[in-house]
Structures are given as structure tokens and as C-alpha cells.
Amino acid sequence: MNEKSAEKAVGEPKAFPLKWALRGVAVAGVAAVVYIIVQASINPQRETDLKSLAKGEMAKFETPLEATSPPTTSFLDANGAPKRIADFKGQVTIVNLWATWCGPCVIEMPTLAKLAASYEGKPVQVVAISVDRPQDADKARAFIAKHAPLVFYHDPKMALPFAFKPPAAGMPTTVIYGADGVERGRLAGDADWSGKDAKALIDKVLAEN
């Protein structure tokens with residue numbers, strides 16, 4: 001091997017790391033572009049529109065910083081069968097976490113019943129989930145029975161509030177999901193869900209279908 005060939009042989013390996021580094025930068029750039037596109041599709045203008053409706057009774061309504069699917073933690077339906085929030089996908093789903101020992105929960109429940117009644121026949125479900133202790137399940141069931149068309153759901157282990165991202169701040173907490181199963185926002189604390197402010201918010205989410 002002559003001197004020039006030897007120099008070439010010695011120099012070649014040094015080029016490979018640079019080549020792969022450049023390829024890595026290119027891949028990272030493509031990934032960044034894809035991430036931006038995905039985020040734009042997940043958090044479109046609709047989130048800003050919903051936030052603009054956070055007024056009056058809905059003043060405490062907060063939209064998520066990023067798209068969030070519902071927790072996979074199960075709860076029980078009226079027959080004791082396991083259910084998940086994802087089971088309601090395809091409908092605008094209004095999940096309300098409540099308990100009989102929670103005064104504000106008891107006060108707002110009739111307004112949730114009116115909300116559910118006003119959307120009967122439309123792809124909207126109000127899912128009121130009691131987090132009462134197992135020994136208080138009958139009391140919670142009797143309370144919901146007075147507020148048709150709501151039906152009884154129960155989380156006897158009180159696991160669901162902590163499974164949300166972020167966890168539910170307290171009782172009551174109401175989380176709204178679009179028909180695609182992605183959280184649109186939540187409201188911590190009680191509110192009048194039978195008024196025009198709530199209807200404007202739900203109508204906006206419903207119009208996305």
C-alpha cells in the first residue's frame with residue numbers, strides 16, 4: 001500500500017461518524033416537524049374557542065394543555081358490571097365525579113339531570129359516577145334515582161379521581177370528552193349545568209362531531 005492509500009484508509013473511518021451525525025440531525029428535524037403537525041391536529045383552534053366560552057357558570061372551565069384520553073380505570077354500572085369512560089366513545093361524554101357527602105355535588109346534581117334531559121336523543125351522555133364508600137352505595141343509588149334520566153354509576157374504591165391526568169382536584173369535578181374520546185376540558189367545583197352557559201359549551205363540543 002502506497003502512502004496516499006494508507007492516508008486514505010486511515011482517514012475514511014473519521015468520515016462515518018459525521019455522516020451518521022448528519023443523518024441523525026435530519027431524522028430529528030423530520031420528527032420535530034411531525035410532532036408539530038400532530039400537535040396542531042390534536043390542539044386545533046377548537047380549544048381556543050372552548051376557552052372563550054368559559055364564562056358565567058362555566059368560568060372555572062379549563063381546557064387541557066395537551067390531548068388526553070380517559071383513564072382506563074374501571075367503575076361499576078347500576079348492575080355492578082365494570083365500565084370505562086372509553087365505552088362511551090362516539091358521544092360527547094360529560095363525566096361528573098360526586099358523592100353524597102359532598103354538599104356542592106348534591107346541589108348541582110339536579111342541573112346535570114336537566115342537562116341530560118335536554119340532550120336526550122342526541123349523542124350526549126352525562127355519566128355521574130359516585131365515589132361513595134361501598135356501605136353508602138344504596139344511599140347514592142337512591143339519590144340518583146330521584147334525578148332521572150341520570151343512571152347510577154359507582155367507583156367504590158375511589159380510584160378514578162386519581163387516574164385522571166392531572167388528577168381530579170376535588171368533588172365535584174366534571175370532565176368533558178368529545179366524540180373522539182379526547183378530553184376537551186374540565187370544571188372543578190359545582191356549577192349550574194342547566195343554563196345557557198353550559199349549553200353553549202356542550203353545543204360547541206357537539207358541533208365537532
Side-chain angles (χ1 to χ4, degrees), residues 54 56-62 70-164 166-178 181 183-203 205-206:
E57 283 293 327
M58 298 292 105
K60 294 181 288 186
F61 182 79
E62 295 288 342
T72 58
T73 302
S74 61
F75 50 95
L76 305 177
D77 67 12
N79 297 315
K83 297 283 287 185
R84 290 183 174 84
I85 296 173
D87 295 337
F88 299 94
K89 187 175 180 179
Q91 307 173 84
V92 173
T93 306
I94 303 149
V95 177
N96 178 261
L97 303 175
W98 72 283
T100 55
W101 44 258
C102 165
C105 301
V106 172
I107 291 172
E108 81 167 351
M109 194 60 68
T111 72
L112 283 163
K114 290 179 181 179
L115 176 69
S118 68
Y119 284 98
E120 281 192 298
K122 296 182 180 180
V124 176
Q125 279 286 336
V126 179
V127 182
I129 305 172
S130 164
V131 296
D132 282 281
R133 298 173 302 173
Q135 57 265 43
D136 295 325
D138 288 342
K139 179 180 179 181
R141 185 190 297 270
F143 178 77
I144 284 294
K146 298 176 182 178
H147 298 94
L150 298 179
V151 297
F152 182 64
Y153 294 101
H154 190 205
D155 175 21
K157 296 181 179 180
M158 201 179 180
L160 194 57
F162 302 99
F164 285 96
M171 303 299 123
T173 291
T174 304
V175 186
I176 299 176
Y177 291 91
E183 181 180 335
R184 294 293 185 268
R186 64 179 69 182
L187 191 152
D190 61 306
D192 180 0
W193 290 95
S194 63
K196 59 182 180 60
D197 298 319
K199 188 176 187 305
L201 186 64
I202 302 305
D203 284 348
V205 179
L206 186 59

How close do [X] and [Y] get, heavy atom to heavy atom, and via which atoms?
{"X": "Ile144", "Y": "Val151", "answer": "CG2-C, 3.6 Å"}
{"X": "Ala86", "Y": "Pro70", "answer": "N-CG, 4.2 Å"}
{"X": "Leu150", "Y": "Ala116", "answer": "CD2-CB, 4.0 Å"}
{"X": "Asn96", "Y": "Pro172", "answer": "ND2-CB, 4.1 Å"}
{"X": "Glu108", "Y": "Ala191", "answer": "OE1-N, 3.0 Å"}
{"X": "Asp197", "Y": "Gly56", "answer": "OD2-CA, 3.4 Å"}

Original post:
Hey, does the side chain of Thr111 reach the backbone of Trp193 with a donor-acceptor pair shorter than 3.5 angstrom?
Top reply: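 Such a contact is found between Thr111 side chain and Trp193 backbone.
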**OP:** Spell out, as yes or no, whether a donor-acceptor pair under 3.5 Å connects the side chain of Lys60 to the backbone of Asp190.
**Re:**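 Yes, because the side chain of Lys60 sits within donor-acceptor range (under 3.5 Å) of the backbone of Asp190.
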Do the side chains of [Y] and [X] get nearer than 4.5 Å, heavy atoms only?
{"X": "Glu183", "Y": "Ile176", "result": "no"}
{"X": "Phe164", "Y": "Leu97", "result": "yes"}
{"X": "Arg186", "Y": "Pro166", "result": "yes"}
{"X": "Pro110", "Y": "His147", "result": "yes"}
{"X": "Leu115", "Y": "Ile94", "result": "yes"}
{"X": "Leu160", "Y": "Val131", "result": "no"}
{"X": "Pro71", "Y": "Ile85", "result": "yes"}

**OP:** Evaluate side-chain contact (heavy atoms from CB on, under 4.5 Å) for Leu201 paired with Phe61, printing each intermediate quantity in order.
**Re:** CA-CA 10 Å; Leu201 186 64; Phe61 182 79; 3.7 Å; yes
Subject >> Any pair counted as side-chain hydrogen bond (donor to acceptor under 3.5 Å, both in side chains), so long as it reaches residues 72-93, sequence neighbours left out >> reply: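 Matches after skipping sequence neighbours: none remain.
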Original post:
Restricting to pairs with a member in residues 124-146, which pass side-chain hydrogen bond (donor to acceptor under 3.5 Å, both in side chains), not counting sequence neighbours?
Top reply: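 side-chain hydrogen bond (donor to acceptor under 3.5 Å, both in side chains) check on residues 124-146 returns Thr100-Asp132, Ser130-Asp132, Arg133-Asp136.
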Subject >> Qualifying disulfide bond (SG atoms under 2.5 Å apart) pairs, either residue in residues 117-156, two or more places apart >> reply: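 The answer is none; no pair qualifies.
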Subject >> With Lys157 via side chain to side chain donor-acceptor pair (under 3.5 Å) - residues at least two apart >> reply: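 Side chain to side chain donor-acceptor pair (under 3.5 Å) check on Lys157 returns nothing, list empty.
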Original post:
Who pairs with Tyr119 by side chain to side chain donor-acceptor pair (under 3.5 Å), at least two apart in sequence or on another chain?
Top reply: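 Tyr119 satisfies side chain to side chain donor-acceptor pair (under 3.5 Å) with Asp203 only.
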Subject >> Derivation of the side-chain contact (heavy atoms from CB on, under 4.5 Å) call for Val124 and Leu206 >> reply: CA-CA 8 Å; Val124 176; Leu206 186 59; 3.9 Å; yes
Subject >> Inter-residue atom distance Leu187.CG - Glu62.CD, 0.5 Å rounding >> reply: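 The distance works out to 8.5 Å.
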**OP:** Assign the ring pair Trp98 / Phe143 to parallel, tilted or perpendicular, where the plane angle (0 to 90°) is split at 30° and 60°.
**Re:**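 The arrangement is tilted - the two ring planes meet at 30° to 60°.
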**OP:** Just jot down the salt bridge (charged side-chain N to carboxylate O under 4.0 Å, His left out) partners of Glu57, sequence neighbours excluded, or say none.
**Re:**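 Per chain and number, Glu57 pairs via salt bridge (charged side-chain N to carboxylate O under 4.0 Å, His left out) with no residue.
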